[in-house]
Amino acid sequence: MDWQSDLNVIEAVFVPSLEGWYEHHKRDLPWRHTRNPYYIWLSEVILQQTRVAQGKPYYERFVDTYPTIEELARADEKELLRLWQGLGYYSRARNLHQTARYVTDQLAGKFPATYHELLKMKGIGVYTAAAIASFAFGERVAVVDGNVYRVLARVFGIYEDITTTGAKKTFAALATRLIQKADNPATYNQAIMEFGAIQCTPVAPDCLLCPVQQHCVAYLTGQQHRLPVKAKKAPVRDRYFHYLVFSNNNKMAMRERTERDVWQQLYDFYLLETDEPKPNWRDLLLPDSVNELVRQGVLAATPVEAMQLLSHQRIRAIFHFVELPDGLTEQLPEGLKWYSMAEITDLPKPVLITNYLEKAFG
DNA sequence: AAGTCGGGGGT
DNA sequence: ACCCCAGACTT
């Protein structure tokens with residue numbers, strides 16, 4: 001249908017309705033009590049692809065640990081990743097650190113203050129740039145996140161697949177047009193996202209108490225559940241991780257993941273990956289030296305199995321614990337180093353590894 | 001345009 | 001089992 005023909009009518013009601021709704025329904029969240037661009041930025045990066053409930057405790061910890069951007073800039077990256085542990089998408093933490101140093105060292109600590117300047121920073125894309133620009137600096141630029149796609153698709157009856165470039169342009173243009181009507185662009189941006197998160201939810205939206213019900217194309221046609229349109233993602237890939245957990249005298253051999261893969265810069269154990277399940281370590285094509293190491297050590301009777309689901313991979317891991325005799329502790333494979341349990345606690349680790357440690361030694 | 005990058009929660 | 005979440009970056 002030609003939604004643009006109704007746009008003038010709907011937008012005159014839509015924007016003020018949402019702003020009014022927000023005043024009565026907004027949650028009390030810590031980052032809503034500040035206009036400090038550093039805190040706004042911190043919260044927005046933490047909340048990328050992350051629910052408020054999951055991100056909130058991390059935000060509190062980061063603000064406590066690094067009260068200023070200078071302190072974040074000076075932070076040890078390993079410590080920063082340790083603080084980020086469990087949140088996922090660890091490149092966010094690395095980019096956060098890089099941008100903190102850039103702002104501190106190259107911009108004299110002065111945070112970029114416009115949408116276009118913000119966009120140049122590592123880890124700040126179109127959404128986050130708009131969020132910081134409007135929340136911290138009052139710039140009239142529209143945020144378009146998952147909530148906004150859903151709300152606009154439904155209210156305006158837009159059936160374009162939101163994963164396509166064309167749809168992104170459509171939604172951005174509409175959002176830009178709408179925010180021109182806003183009394184306060186920062187409040188309006190907050191309002192439409194909060195509305196999507198609380199009222200216009202993906203499943204079972206609360207249409208009966210909706211302030212724009214009578215102007216919502218989806219509601220009026222009974223198609224709420226079909227919008228927004230989104231192409232299905234590719235099926236998840238199965239991976240099989242075989243870990244050899246070399247141990248000696250209450251220490252364990254770990255290594256930093258440096259390859260271009262999941263969990264970059266986090267720590268795990270000696271790893272061999274296969275395309276197929278291989279329950280027995282003898283079926284693994286290990287280097288001769290590693291095979292010899294296992295043979296001379298004491299292998300735990302039962303390996304520990306664990307599974308980790310990522311958005312795009314299903315990792316099935318099996319951990320073989322090997323206690324090495326004192327004489328062989330200098331013969332670890334390349335990259336592995338010995339760490340005490342206390343040191344391991346402080347290393348940044350994938351949840352898969354943390355869970356294993358808890359299960360096996362916790 | 002398609003892939004990659006985490007982990008958790010809801011249905 | 002599937003979808004979504006205050007997305008960004010690389011290929």
Side-chain angles (χ1 to χ4, degrees), chain A residues 22 26-27 29-32 40-59 81 84-96 98-99 118-135 142-151 161-169 171-172 175 186 189-198 200-205 225-237 239 257 259-266 307-315 348-355:
Chain A
Y22 179 66
K26 64 179 174 186
R27 292 167 289 182
L29 300 172
W31 47 86
R32 288 186 175 158
I40 303 286
W41 168 59
L42 203 49
S43 71
E44 291 303 337
V45 174
I46 287 173
L47 291 172
Q48 286 167 9
Q49 290 294 286
T50 305
R51 290 175 188 280
V52 165
Q54 187 186 1
K56 190 173 162 186
Y58 284 85
Y59 173 79
L81 281 166
W84 197 271
Q85 178 175 303
L87 247 195
Y89 288 147
Y90 296 92
S91 64
R92 289 185 293 173
R94 298 191 295 270
N95 290 335
L96 203 64
Q98 186 174 332
T99 293
L118 286 160
L119 258 187
K120 298 175 184 172
M121 302 296 112
K122 277 278 191 190
I124 297 183
V126 290
Y127 163 76
T128 305
I132 300 171
S134 64
F135 300 157
V143 296
V144 183
D145 74 333
N147 293 305
V148 175
Y149 280 119
R150 185 169 57 255
V151 171
D161 174 359
I162 63 172
T163 65
T164 65
T165 306
K168 286 177 172 59
K169 287 180 66 177
F171 283 88
N189 275 338
Q190 296 272 11
I192 189 169
M193 289 194 289
E194 190 79 338
F195 181 73
I198 293 178
C200 195
T201 49
V203 179
H225 61 289
R226 306 194 65 182
L227 289 168
V229 175
K230 189 175 184 180
K232 296 195 188 307
K233 288 181 180 175
V236 300
R237 172 169 66 110
R239 302 177 70 177
R257 296 176 58 87
E259 59 271 35
R260 191 165 67 243
D261 194 3
V262 293
W263 304 325
Q264 198 176 84
Q265 286 181 270
L266 275 60
M307 203 247 298
Q308 179 72 41
L309 216 50
L310 311 184
S311 53
H312 53 305
Q313 302 176 15
R314 178 170 32 240
I315 297 175
K349 302 171 291 296
V351 164
L352 174 70
I353 301 300
T354 306
N355 285 348

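Lettering follows sequence order; numbering is per chain, from 1.
B:dG9 and C:dA8 have their P atoms separated by 23 Å, given to the nearest Å. C:dC5 and B:dC5 have their C1' atoms separated by 15 Å, with the value rounded to a whole Å. When the P atom is used for both C:dT11 and B:dG6, the distance is 15 Å, rounded to whole Å. Atom name P, nucleotides B:dG8 and C:dC9: the rounded distance is 24 Å, in whole Å.
Evaluation of the side-chain contact (heavy atoms from CB on, under 4.5 Å) rule for A:S311 yields A:Y89 as partners, not counting sequence neighbours. By the side chain to side chain donor-acceptor pair (under 3.5 Å) test, A:R94 is found to be paired with A:Q265, residues two or more places apart in sequence or in another chain being considered. In terms of the ring-ring contact (aromatic ring centres under 6.0 Å, His included) criterion, A:Y22 has no residue partners (sequence neighbours excluded). Under the side chain to side chain donor-acceptor pair (under 3.5 Å) criterion, A:R239 pairs with A:D261, A:E273, A:Q313, not counting sequence neighbours. Contacts of A:T99 classified as side chain to side chain donor-acceptor pair (under 3.5 Å), with partners at least two apart in sequence or in another chain: none. The side-chain contact (heavy atoms from CB on, under 4.5 Å) search around A:R314 returns A:V236, A:D238, A:M307, A:L309, A:R316, not counting sequence neighbours. In this structure A:T201 satisfies the side chain to side chain donor-acceptor pair (under 3.5 Å) test with no other residue, sequence neighbours excluded. Partners of A:F171 according to the ring-ring contact (aromatic ring centres under 6.0 Å, His included) rule, which considers only residues two or more places apart in sequence or in another chain, are A:Y149. Legend: residues meeting side-chain contact (heavy atoms from CB on, under 4.5 Å) with A:Q48, ordered by chain and number and at least two apart, are A:V45, A:R92, A:T128.
Here A:D261 lies in heavy-atom contact (under 4.0 Å) with sugar-phosphate atoms only. Using a 4.0 Å heavy-atom criterion, one finds that A:V45 contacts no nucleic acid atom at all. A:S43 comes within 4.0 angstrom of no nucleic acid atom, judged by non-hydrogen atoms across all strands. As judged by a 4.0 angstrom heavy-atom cut-off over every strand, A:R32 is placed among the base-contacting residues. Within the 4.0 angstrom heavy-atom criterion, no nucleotide atom of any strand lies near A:W84.
Consecutive Watson-Crick or G-U pairs involving DNA chain B, each under 3.5 Å on both distances, make up stems of three or more pairs at B:1-5 with C:7-11, B:7-11 with C:1-5.
At whole-Å resolution of the value, CZ in A:R257 and C1' in B:dG6 are 13 Å apart. The interatomic distance linking A:K233 (NZ) with B:dG6 (C1') rounds to 11 Å, in whole Å. Rounded to an integer number of Å, the gap from A:F135 CZ to C:dA6 C1' is 8 Å. Between A:R92 atom CZ and C:dC5 atom C1' the separation is 10 Å, expressed in whole Å. Distance, A:E194 CD to C:dA6 P: 9 Å, rounded to whole Å. Atom CD of A:Q265 is separated from atom C1' of B:dC5 by 14 Å (rounded to the nearest Å). Going from atom CZ of A:F171 over to atom C1' of C:dG7 covers 16 Å, rounded to whole Å. Atoms CD1 (A:I132) and C1' (C:dG7) sit 13 Å apart, rounded to a whole Å.
Taking all atoms of both residues into account, the shortest heavy-atom contact from A:N147 to A:G196 is OD1-C, 3.4 Å. Across A:V151 and A:F195, no two heavy atoms sit closer than the pair CG2-CD2, 3.8 Å. A:R32 approaches A:R27 most closely through the heavy-atom pair NH1-O, 3.0 Å.
In terms of position along DNA chain C, the nucleotide closest to A:K232 lies nearer the 5' end than the nucleotide closest to the other residue of the pair A:D145 and A:K232.
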Polar pairs (N or O, both sides) under 3.5 Å between protein and nucleotides 7-11 of chain B?
from, atom 1, to, atom 2, distance (Å)
B:dG7, OP1, A:Y90, OH, 2.9
B:dG7, OP1, A:V351, N, 3.3
B:dG7, OP2, A:W263, NE1, 3.0
B:dG7, N2, A:Q54, OE1, 3.4
B:dG8, N2, A:R51, NE, 3.3

What protein N or O atoms touch nucleotides 9-11 of chain C N or O atoms at under 3.5 angstrom, if any, and at what distances?
from, atom 1, to, atom 2, distance (Å)
C:dC9, OP1, A:G123, N, 2.3

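The neighbour count for A:K56 NZ, taken as heavy atoms of other residues, nucleotides or ligands under 6.0 Å away, does not exceed 12.
The phosphate of B:dT4 (OP1 or OP2) has no side-chain N or O of A:H312 nearer than 4.0 angstrom.
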